[in-house]
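Side-chain atoms are counted along with the backbone in the values below, which use heavy atoms only and exclude waters and symmetry mates. In what follows, every chain begins at residue 1, and chains take the letters A, B, ... in the order their sequences are listed.
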2 protein chains.
Amino acid sequence: MHSMVNDDGTMKAESHGTAQAERPGAATGKVKGRPRGRPRSFDRETALEKALLAFWLHGYEATSVSDLTRVMDIGAPSLYAAFGDKRSLFEEVVQVYGATYGSFIDRALAEEPTARAAVERVLREAAAAYTEPGHPHGCLVVHAAANCSTPEVEQSLRDRRNADIAAFESRIRADVAAGALPPVTDAAALARHTGAMIQGMSQQARDGASREELEAVAEIAMSIWPRTGTHTG
Amino acid sequence: MHSMVNDDGTMKAESHGTAQAERPGAATGKVKGRPRGRPRSFDRETALEKALLAFWLHGYEATSVSDLTRVMDIGAPSLYAAFGDKRSLFEEVVQVYGATYGSFIDRALAEEPTARAAVERVLREAAAAYTEPGHPHGCLVVHAAANCSTPEVEQSLRDRRNADIAAFESRIRADVAAGALPPVTDAAALARHTGAMIQGMSQQARDGASREELEAVAEIAMSIWPRTGTHTG
DNA sequence: ACATTTCTCTAGTGCCCGCTATAAAATGCA
DNA sequence: TGCATTTTATAGCGGGCACTAGAGAAATGT
């Protein structure tokens with residue numbers, strides 16, 4: 001019972017492709033032609049984006065499968081065939097979110113020359129991203145699994161939040177080592193302060209704060225950093 | 001149907017006393033002796049505190065009535081008779097929370113001589129309160145109605161959060177008017193920054209930050225304020 | 001043509017949700 | 001001892017939840 005191997009010894013397909021490599025006949029060697037059976041009647045990426053917006057707006061728990069099938073405009077069996085269960089769909093949504101709406105953090109850390117510049121850019125871009133029209137306000141990773149009765153889901157987003165703070169900390173440590181920040185700098189506390197600012201700004205965005213208001217908050221928050229270079233007071 | 005008046009013309013009791021004045025025979029003039037019928041078999045305040053802890057830990061939506069009756073150790077009909085419905089119980093819980101665990105904000109604003117001292121005390125006490133053993137971490141008002149599918153409940157806590165920020169702002173404005181802060185001070189932004197810090201620290205507490213870590217964050221956050229008095233930096 | 005594969009549609013499954021009807025139990029008052 | 005009043009425990013209401021069985025529909029292969 002319940003095996004992954006069929007009666008004839010072949011493997012079961014596990015069709016719902018986990019995000020990328022949407023079934024180009026990988027194992028068989030075939031690459032070109034259409035799959036085999038009846039083609040899907042909806043665009044998977046489009047449906048995924050609709051699911052993303054629903055989860056972003058209402059959170060994991062409060063978004064029912066019935067809500068999802070309505071906004072994705074597909075039937076429940078199609079959803080389960082294409083994405084697995086609700087939790088798998090959410091995990092895929094989080095992955096897509098991190099690679100698109102949430103990518104500004106990694107990008108700033110990678111591209112800016114100093115930790116301070118990276119954090120300044122992160123806070124400024126957060127103010128814009130969290131209040132952008134056309135999608136829900138705030139950060140999905142911060143809010144979508146709050147008060148979740150599935151502990152694994154809540155923990156998975158918690159891990160993402162703490163990973164961002166760890167990334168801030170290591171970036172700050174690098175600057176301290178390079179002499180761009182004073183040796184007495186408390187990198188962990190500075191990183192956690194940055195994380196708290198981002199999460200607080202996200203909550204503020206959900207509570208109605210405008211982009212300009214969040215930018216003012218970000219500017220105030222940046223005044224904790226040691227002064228370097230020019231400045232207009 | 002569904003009237004507040006019984007067949008004999010008398011009024012229905014609507015017994016579940018809304019928080020205070022637990023039925024001392026108000027209308028009849030009687031004050032001393034026991035009510036009339038079968039006495040309640042549980043302590044209302046104790047049960048309310050248990051409900052508070054459950055809502056604090058899991059949030060409004062994820063705490064089911066079945067959860068509540070279990071932790072309060074009463075049957076569902078007793079819960080409904082004593083507290084109304086789930087939403088009324090939650091509102092009463094929020095009120096109790098604000099008068100106890102959450103009262104440190106109002107107290108600091110009322111007792112400290114300056115806005116800066118008040119905010120400093122608020123942040124320091126938040127670091128302690130949000131990580132205190134014996135109850136869930138973080139702030140109930142910040143988290144318990146996140147992703148709530150009952151908009152009124154979500155809005156009611158949002159209003160409380162924004163009211164706190166408004167209180168910060170007016171306290172800061174008072175200091176500006178009194179000359180304790182520079183005239184160019186952006187009171188709204190400073191207040192919102194404080195709100196974001198509190199909410200961010202609350203999220204950090206939920207994500208596992210310790211009291212010491214939050215105190216370090218609070219200390220960093222306080223460095224945005226114009227320097228007054230002595231300082232060892 | 002015909003079997004094979006895969007997706008879609010209908011219509012559910014069992015479970016838990018918030019909530020309540022009912023009657024028994026426990027009190028005060030006559 | 002009744003009788004009125006209130007709370008209790010039992011048991012269940014309709015409804016929404018995540019999820020799926022089964023049959024038909026639409027593409028492929030040979």
Starting at CZ of B:Arg40 and ending at C1' of C:dT27, how long is that distance when rounded to a whole Å? 14 Å
Specify the residue among B:Ser64 and A:Ser78 whose closest nucleotide of DNA chain C lies further upstream toward the 5′ end. A:Ser78
Using a 4.0 Å heavy-atom cut-off across all strands, classify A:Thr69 as base, sugar-phosphate, or nothing. nothing
Just the rounded figure in Å: distance from P of D:dT20 to CG of A:Asp85. 8 Å
Mind checking if B:Pro39 touches a base, just sugar-phosphate, or nothing, with heavy atoms under 4.0 Å? sugar-phosphate
Check: B:Arg38 side chain, D:dT7 base, donor-acceptor under 3.5 Å: yes
Look at A:Asp164 together with A:Arg161 and state whether they make a salt bridge at an N to O cut-off of under 4.0 Å. no
Describe the nucleic acid contact of A:Ser149 in one word from base, sugar-phosphate, nothing, applying a heavy-atom distance below 4.0 Å. nothing
CZ of A:Phe42 versus P of C:dT6: gap in Å, rounded? 15 Å
A:Phe55 CZ to D:dA18 C1': how many Å, rounded? 12 Å
Could you check whether A:Arg192 pairs with A:Glu169 (Lys NZ or Arg NE/NH1/NH2 to Asp/Glu carboxylate O, under 4.0 Å)? no
Parallel, tilted or perpendicular, as decided by the 30° and 60° cut-offs, for the rings of A:His193 and B:His193: tilted
More 5' along DNA chain C: A:Pro77 or B:Glu61, using each one's nearest nucleotide? A:Pro77
Angle between ring planes, B:Phe90 versus B:Phe55, binned at 30° and 60°: parallel, tilted or perpendicular? perpendicular
Evaluation steps, salt bridge (charged side-chain N to carboxylate O under 4.0 Å, His left out), between A:Glu92 and A:Arg44: CA-CA 12 Å; A:Glu92 195 167 338; A:Arg44 197 176 184 280; 2.7 Å; yes
To the nearest angstrom, the CZ-P distance between A:Arg70 and C:dC9 comes to 16 Å
Rounded to whole angstrom units, what separation is found between the CG atom of A:Leu68 and the C1' atom of D:dC17? 12 Å
If only side-chain N and O atoms of A:Ser41 are considered, is one of them under 4.0 Å from the OP1 or OP2 phosphate oxygen of C:dC7? no
For the side chain of A:Tyr80, counting heavy atoms from C-beta on, which of D:dT20, C:dG28, C:dG18 is nearest? D:dT20
Hey, which of these two, A:Ser66 or A:Ala76, hits DNA chain D nearer its 5' end, going by closest nucleotide? A:Ser66
Grab the CZ-C1' distance between B:Arg36 and D:dA4 for me, whole Å please. 5 Å
Rounding to a whole Å, what distance do you find between B:Arg87:CZ and C:dC17:P? 20 Å
